[in-house]
Amino acid sequence: MKYTQLGRTGLKVSRLVLGTMNFGPQTSEADSHSIMDAALGAGINFFDTANAYGWGANKGRTEEIIGSWFAKGGDRRDKTVLATKVYANMSLDDTPPWPNHDRLSALNIRRSVEASLRRLKTDYIDLYQFHHVDRHTPFEEIWQAVDVLVQQGKILYAGSSNFAGWHIARANETARRLGSYGLVSEQCLYNLAERRAEMEVIPASQEYGLGVIPWSPLHGGLLGGVLRKEREGGAARSSSGRSADALANTTVRAQVQAYEDLLDRHGLEPGEAALAWLLTRPGVTGPIVGPRTAEQLESALRAVELELTEEVLASLDEIFPGPGPSPEAFAW
């Protein structure tokens, strides 16, 4: 496994991030434990989760599964850089939340940290991430709450997820004014088929020293050989969600076909190539991989060692052109 610093911090993390969103809803507790053991054994030390994972009546279940894995001992917790998130309504029946039971008020941040610590069976969280921007809570209040938690030793760093570039700037300028450390990471939607983050989110992250953690690196399966699987009768994931919506567009479908044809010519697996491409991108710490099985984890691990040639990288840019730098991309 290869490692890098998380943004401007001294924290060293693996170039792949183990996403745990499937733990509970799609992957049993026993299989989830096996995947985490395999990931740690392969050198992946960066695990990502969220308080709401498990979804619906099982919100919090994913954190509980990770907590039961930590409880097995064997230095599991000590070897893991643990990231979780706060923002969601944690009502198990998805009814409207009771006041102050969601978003980023100081009260909900405090309550949510304590609940996550109980579920995770740990006394600290390495990276506490804001799952979404809260348009109703000033950053002054958010940083006050974060600083208290850091002083208490309950969290070490704060990160964002799904922020716009100007949110990152505003958050960290406020932190600078208050003498707080500010955001150290941004988790955003970023992959070959969705490159809008290159316009402002990634440049803002680089300017303020945030590590970029792409989620959905295969764009819901679109970049994982979906058309080949479709022909073979095994493209269940393409029948719904982001992948299906994209394939309904004939232009996108032609792009994906050209992408798969290119990789076939070079003897490359689509999913592994998509991850390897992200690892070449400026500012990227590591993409989140969310394996449902041990086999999917093994495929993701191969991407770390995969070196794409300049010819392949140039061809990928032709098939999936980025938006270009800001402001030129929208100014002229």
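Side chains are part of it too, since the values below use all heavy atoms of this structure and drop only hydrogens, waters and symmetry mates.
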Roughly how far, to the nearest 0.5 Å, is the CG atom of L6 from the CG atom of L11?
5.5 Å
Decide whether S14 and N45 meet the rule of one side-chain donor and one side-chain acceptor closer than 3.5 Å.
yes
If every non-hydrogen atom of G224 is compared with every non-hydrogen atom of L218, which pair is closest and at what distance?
CA-CD1, 4.4 Å
Would you say R77 and T122 are linked by a side-chain donor-acceptor pair, where the criterion is simply a distance under 3.5 Å?
yes
Hey, is NZ on K72 packed in by over 12 heavy atoms from elsewhere, all under 6.0 Å?
yes
Check whether more than 12 heavy atoms from other residues, nucleotides or ligands sit under 6.0 Å from atom CZ of R196, and answer yes or no.
no
Is it the case that over 12 heavy atoms from other parts of the model lie below 6.0 angstrom from the CD atom of E207?
no
Is the gap between the ring centers of F320 and W277 under 6.0 Å?
no
We want to know whether D48 and W215 form a side-chain donor-acceptor pair, criterion being a heavy-atom distance below 3.5 angstrom.
no
From L210, L127, V184, residue fulfilling side chain to side chain contact (heavy atoms under 4.5 Å, CB included) relative to T9
V184
Grab the two heavy atoms, one from N51 and one from A88, that are nearest each other, plus how far apart they are.
OD1-CB, 4.3 Å
Starting at CG of L192, measure out to CG of D317 and round the result to the nearest 0.5 Å.
8.0 Å
Under a 3.5 Å cutoff, is there a donor and acceptor pairing between the side chains of E269 and S299?
no
Any luck finding a side-chain donor-acceptor pair between Y3 and R15 under 3.5 Å?
no
Does CZ belonging to R110 count more than 12 external heavy atoms closer than 6.0 Å?
no
In the structure I gave you, are the side-chain heavy atoms of P287 and Y190 within less than 4.5 Å of one another anywhere?
no
Out of E63, H131, Q129, which one pairs with T84 under the side-chain hydrogen bond (donor to acceptor under 3.5 Å, both in side chains) rule?
E63
Q152, CD atom: more than 12 neighbouring heavy atoms under 6.0 Å
yes
What I want to find out is whether R119 reaches E114 closely enough, with some N-O distance under 4.0 Å, to be called a salt bridge.
no
If only side-chain N and O atoms count, and only distance matters, is there a donor-acceptor pair under 3.5 Å linking S315 with H266?
no
The residue among D75, D126, L18, L40 that forms side chain to side chain contact (heavy atoms under 4.5 Å, CB included) with T80 is L40
One pair to check against side-chain contact (heavy atoms from CB on, under 4.5 Å): N108 and R111. What are the steps and the verdict?
CA-CA 5 Å; N108 190 54; R111 176 188 293 115; 3.9 Å; yes
Donor + acceptor pair across side chains of S91, D93 (<3.5 Å):
no
I'd like to know if the side chain of D147 pairs up with that of Q151 as donor and acceptor (distance under 3.5 Å, no hydrogens or angles considered).
no
Has E328 got more than 12 heavy atoms of other residues, nucleotides or ligands less than 6.0 Å from its CD?
yes
Side chains of E186 and S160, donor plus acceptor under 3.5 Å
yes
For R170, is the CZ atom crowded, meaning more than 12 foreign heavy atoms sit under 6.0 Å from it?
no
Ignoring hydrogens and angles, state whether a donor on the side chain of N162 or Q187 is under 3.5 Å from an acceptor on the partner side chain.
no
Hey, are K121 and E64 close enough for a salt bridge, meaning a charged N less than 4.0 Å from a carboxylate O?
no
Side chains of K85 and Y53 only: does a donor on one sit below 3.5 Å from an acceptor on the other?
yes
Under a 3.5 Å cutoff, is there a donor and acceptor pairing between the side chains of N22 and T27?
no
Got a salt bridge between D123 and R118, using NZ or NE/NH1/NH2 to carboxylate O under 4.0 Å?
no
Salt bridge flag under 4.0 Å for residues R228 and E230:
no
Closer than 4.0 angstrom, basic N to acidic O: yes or no for R281 and E198?
yes
